[in-house]
Amino acid sequence: MSEFKPAKWPRKLRSTEWFGGTSRDHIYHRSWMKNQGLPADLFDGRPVIGICNTWSQLTPCNAHLRDLAERVAHGIYEAGGLPLEFPVFSAGESSLRPTAMMYRNLAAMDVEEALRANPLDGVVLLAGCDKTTPALLMGASSVDIPSIVVSGGPMLNGWFRGERVGSGTALWQMSEEIKAGTMSRDDFLEAEQAMSRSSGSCNTMGTASTMASMAEALGMALSGNAAIPAVDSRRRVMAHLTGRRIVQMVKDDLKPSDILTRQAFENAIRVNGAIGGSTNAVIHLLAIAGRVGVDLTLDDWDALGQDIATIVNLMPSGKYLMEEFFYAGGLPVVMRMLGEGGKLHKDAISVSGQPIWDEVKDVRNWNEDVIRPVDRALTAKGGIAVLRGNLAPKGAVLKPSASTPHLLQHRGRAVVFEGIEDYKARINDENLDIDENCVMVLKYCGPRGYPGMAEVGNMGLPPKVLRKGIKDMVRISDARMSGTAYGTVVLHTSPEAAMGGPLAVVRDGDMIELDVENRRLHLDISDDELAARLADWSIPEAAPQSGYIKLFHDHVQGADTGADFDFLRGCRGAAVPKDSH
Ligand code: FES
């Protein structure tokens with residue numbers, strides 16, 4: 001049983017090393033701070049709380065976070081702390097190239113160093129867009145000072161001509177309709193504004209909503225945080241309450257290492273199955289676990305998620321959007337239902353300092369079509385399927401709830417794309433030798449190969465297949481897929497092609513077998529043939545020679561362990577290595 005014993009208060013805090021004395025250096029630290037108009041009694045030994053903000057106008061999903069930061073600050077002041085807001089690298093999904101994922105580890109490094117180097121006793125992590133939540137959690141976990149997440153919240157529902165328009169999901173659907181000739185370009189342009197009608201992150205159960213849910217399920221955010229729409233006044237209340245709470249967490253010395261236990265990760269994996277969460281959560285949770293030293297593996301995802309029913313009826317797996325999830329009761333309802341079914345470690349503690357069960361046990365479900373009873377689940381076996389075989393010795397993942405049931409067992413002829421540019425150059429070619437029974441294979445899109453592991457695994461289908469009314473084919477790659485996307489898509493194939501994995505040597509015409517029930521992904525060639533091809537293989541592109549991209553290339557690890565940098569795994573604590581003061 002998890003048990004947390006609060007520390008005694010008052011006691012000397014970390015920030016007093018900077019502010020709590022009369023030496024030249026103490027005066028130096030305080031005096032410069034006072035140029036912001038801070039009264040002297042704010043340096044009396046009270047908790048100094050960082051508000052770590054991923055606000056950026058280049059990250060539109062987080063563009064409202066300065067307003068929320070003010071609400072957090074109100075709460076911190078009210079509880080007797082000193083709030084100090086600071087910016088960190090903001091990895092915005094919609095605009096960053098080559099892909100925001102290439103910058104998750106950079107942002108995590110920024111957060112870690114900012115927390116350790118500054119006079120902070122605790123931190124509120126303001127996140128929203130996909131990578132910002134895991135980056136902040138990774139950085140904070142490596143420093144291990146009291147930390148709490150408040151999410152920016154999802155956008156309001158999109159509506160277009162009477163239909164819900166889900167962020168991302170509608171974009172993929174409409175672009176396929178354009179290719180199939182069933183939607184006009186003018187209609188597509190008109191739908192553009194309808195997709196994004198308020199502040200906030202994607203309104204589907206995409207990666208942003210999934211990671212906000214993961215933060216809550218892990219116990220790193222206040223209960224109910226994940227689903228409140230960005231523009232709902234209750235989002236501001238949540239920020240305010242989070243500000244109050246972090247001050248008490250510092251007094252109690254309640255740290256990420258107290259909360260992010262093996263039990264917490266197991267809860268999160270099961271919650272991910274129940275919400276039909278993004279495959280990206282696999283990578284991010286493995287990376288966070290690596291920071292806190294919890295031995296989490298890909299196989300845990302399969303074992304723990306296998307018998308979890310997907311009960312949240314949200315796009316891309318279902319019908320509704322985050323706004324309706326909030327009105328139905330949000331994540332606390334899902335956690336209550338998991339607990340009642342014996343699928344939750346009820347005594348895992350959260351930022352509240354109390355068992356997580358205490359927060360959720362009495363909540364009601366206000367809409368049983370949005371959060372379904374288990375006997376009317378969207379998918380009886382949700383979760384993430386982890387596939388293995390000679391094509392993925394270290395594993396690959398697939399999301400059954402987003403797949404087409406009859407394709408979950410499939411044997412087909414490989415049509416191989418040697419990279420994303422090759423795919424783009426040939427996919428619309430009417431002479432491409434492909435039909436709906438083929439298996440599309442995309443190489444060199446993994447963490448090292450792309451670089452950054454772009455969300456291109458859900459390759460659009462060829463127009464000549466789409467025109468037949470076919471909406472799904474088996475696709476295999478070492479890439480990721482947007483949490484808003486769908487299809488029978490095998491992702492994160494490891495080792496990736498650029499690290500010499502078997503994916504690199506698949507050829508046009510090879511037969512591939514996918515058997516999700518038996519968790520098998522098999523390239524139907526002999527062991528000798530596979531070994532000979534691998535012996536002949538060499539990396540097609542030269543490694544980058546300078547800049548961050550070189551650091552990334554040289555140190556990123558495989559998707560099967562979270563794609564963190566090798567030198568960033570683990571918790572390095574809050575002690576400043578060499579203090580010049
Ligand atoms: Fe930012 Fe989806 S693009 S949350």
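As the structure lists them, so they are numbered: ligands from 1, and atoms in each ligand from 1.
Taking a 6.0 Å sphere around CH2 of Trp366, one finds it holds 12 or fewer heavy atoms contributed by other residues, nucleotides or ligands. Heavy-atom neighbours of Glu113 CD from other residues, nucleotides or ligands within 6.0 Å: above the threshold of 12. Within a 6.0 Å sphere centred on CZ of Arg97, other residues, nucleotides and ligands contribute 12 heavy atoms or fewer.
Listed by chain and residue number, Arg426 satisfy the side chain to side chain donor-acceptor pair (under 3.5 Å) test with Asp422 (two or more places apart in sequence, or in another chain).
Atom 2 (Fe) of ligand 1 has Cys202 SG as protein N, O or S atoms under 2.8 Å away.
Residues Tyr450 and Asp478 bring no donor and acceptor atom of their side chains to less than 3.5 Å of each other.
Arg104 places no side-chain N or O within donor-acceptor distance of the main-chain N or O of Lys131, the cut-off being under 3.5 Å.
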